Amino acid sequence: MDESKQLHQLKKVRKELTRFMLSYKFGLDEINTKLNILQEEFEHIHDYNPIEHLKSRIKSPESILRKCQRKNVSITEASIKHAIKDIAGIRIVCSFITDIYKISEIIQGQQDIKVMEMKDYIKNPKSNGYKSLHLILAIPVFLSDRQEEVYIEIQIRTVAMDFWASLEHKIYYKYDGEVPAHLVEELTNSANIANQLDEKMEFLHTEVNGEKTDKQSDSDLDFLPLDNKRFPLPKQLLEELMEKKDRE
Ligand code: 0O2
């Protein structure tokens, strides 16, 4: 192949790779927008936000290639797309275990999202103690000349699960997967402690939240019936409306 043909070929490959990676970035942008909307809604409308924080990332091409080698996946766009479903990933960290399932349900209820896979490592933790709820979502991305469906991996976990998983991940990589037995044992013990902390915090949260719900049910004035539905309104706004009605 002469030089200009080689250059042309190289440019074509680069363009295809950029296009491929961009579609994942756009998919991630869409899910991030959805999650930001949820966070803002929870902050402003409800007085409690179940999402502590979010982190998203796209795997680098090198890391995708490494995973392809590890899983024996041929290097074509179609096979990579089919076999590597965590090229784009979002980690959602919540305070409580119940929040994890609440967020998962809300995400699954969105019409343009398809749930391709769900792994519940909270109900069925891995043998090392790893816990998290994993969802593989498919989301349509609308480009100038076509529509594409991209996969996004969502990991939802508590602060304690996240703390544990981050350290375990570092240790695993430091020892290249061959973690000494005493550290494996320590990690398993720590996973149990993290689990106990989650259970205790959940208990406290339910206690406090239960009390709050009882109090709230007394103050019916926080709600305004509209079209047979009950919309929560800030009390001050409601009082202003009632004053206005009295004056009329
Ligand atoms: P990274 O660097 O975090 O991206 P898959 O390998 O995804 O095709 P698998 O193993 O069935 O298939 O997926 P699974 O079990 O859903 O795990 C996917 C991701 O979950 C991992 O991605 C990790 O991020 C996380 N994970 C799973 N098990 C563990 C664990 O034991 N410890 C920790 N710390 N994280 C875990 P990657 O690509 O392996 O790593």
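This is a predicted model, so every value here is computed, not measured. Remember, it's 1-based here, ligands and their atoms both numbered in the order they're listed. Values below: all heavy atoms of this structure, side chains included; hydrogens, waters and symmetry mates excluded.
Geometric assessment of K102 against the ring of Y48 yields a negative cation-pi assignment under the 6.0 Å and 45° thresholds.
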### Message
As a quick check of understanding, evaluate side chain to side chain contact (heavy atoms under 4.5 Å, CB included) for I100 and I122, giving each step before the final call.
### Response
CA-CA 10 Å; I100 295 176; I122 298 171; 3.6 Å; yes

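For the salt bridge (charged side-chain N to carboxylate O under 4.0 Å, His left out) test, no residue two or more places apart in sequence or in another chain qualifies with K15.
A 4.5 Å side-chain heavy-atom check between K67 and D86 finds at least one atom pair inside the cut-off. T188 places none of its side-chain heavy atoms less than 4.5 Å from the side chain of E185.
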List, for ligand 1, each N/O atom that has a protein N/O partner under 3.5 Å away, with both atom names and the distance.
{"from": "ligand 1", "atom 1": "2 (O)", "to": "H169", "atom 2": "NE2", "distance (Å)": "3.4"}
{"from": "ligand 1", "atom 1": "4 (O)", "to": "R57", "atom 2": "NH2", "distance (Å)": "3.2"}
{"from": "ligand 1", "atom 1": "4 (O)", "to": "K59", "atom 2": "NZ", "distance (Å)": "3.0"}
{"from": "ligand 1", "atom 1": "6 (O)", "to": "K67", "atom 2": "NZ", "distance (Å)": "3.2"}
{"from": "ligand 1", "atom 1": "7 (O)", "to": "K67", "atom 2": "NZ", "distance (Å)": "3.1"}
{"from": "ligand 1", "atom 1": "8 (O)", "to": "K71", "atom 2": "NZ", "distance (Å)": "2.5"}
{"from": "ligand 1", "atom 1": "11 (O)", "to": "K119", "atom 2": "NZ", "distance (Å)": "2.5"}
{"from": "ligand 1", "atom 1": "13 (O)", "to": "K119", "atom 2": "NZ", "distance (Å)": "3.3"}
{"from": "ligand 1", "atom 1": "15 (O)", "to": "Y121", "atom 2": "OH", "distance (Å)": "2.6"}
{"from": "ligand 1", "atom 1": "16 (O)", "to": "K119", "atom 2": "NZ", "distance (Å)": "3.2"}
{"from": "ligand 1", "atom 1": "16 (O)", "to": "H134", "atom 2": "ND1", "distance (Å)": "2.8"}
{"from": "ligand 1", "atom 1": "20 (O)", "to": "Q155", "atom 2": "NE2", "distance (Å)": "3.1"}
{"from": "ligand 1", "atom 1": "24 (O)", "to": "Q155", "atom 2": "NE2", "distance (Å)": "3.1"}
{"from": "ligand 1", "atom 1": "28 (N)", "to": "K126", "atom 2": "NZ", "distance (Å)": "2.8"}
{"from": "ligand 1", "atom 1": "31 (O)", "to": "N128", "atom 2": "ND2", "distance (Å)": "2.8"}
{"from": "ligand 1", "atom 1": "32 (N)", "to": "E168", "atom 2": "OE1", "distance (Å)": "2.8"}
{"from": "ligand 1", "atom 1": "34 (N)", "to": "A165", "atom 2": "O", "distance (Å)": "3.0"}
{"from": "ligand 1", "atom 1": "34 (N)", "to": "E168", "atom 2": "OE1", "distance (Å)": "2.9"}
{"from": "ligand 1", "atom 1": "38 (O)", "to": "K59", "atom 2": "NZ", "distance (Å)": "3.3"}
{"from": "ligand 1", "atom 1": "38 (O)", "to": "K67", "atom 2": "NZ", "distance (Å)": "3.1"}
{"from": "ligand 1", "atom 1": "38 (O)", "to": "D86", "atom 2": "OD2", "distance (Å)": "3.3"}

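Contact between A165 and R157 at its shortest, heavy atoms only, is CB-NH1, 3.4 Å.
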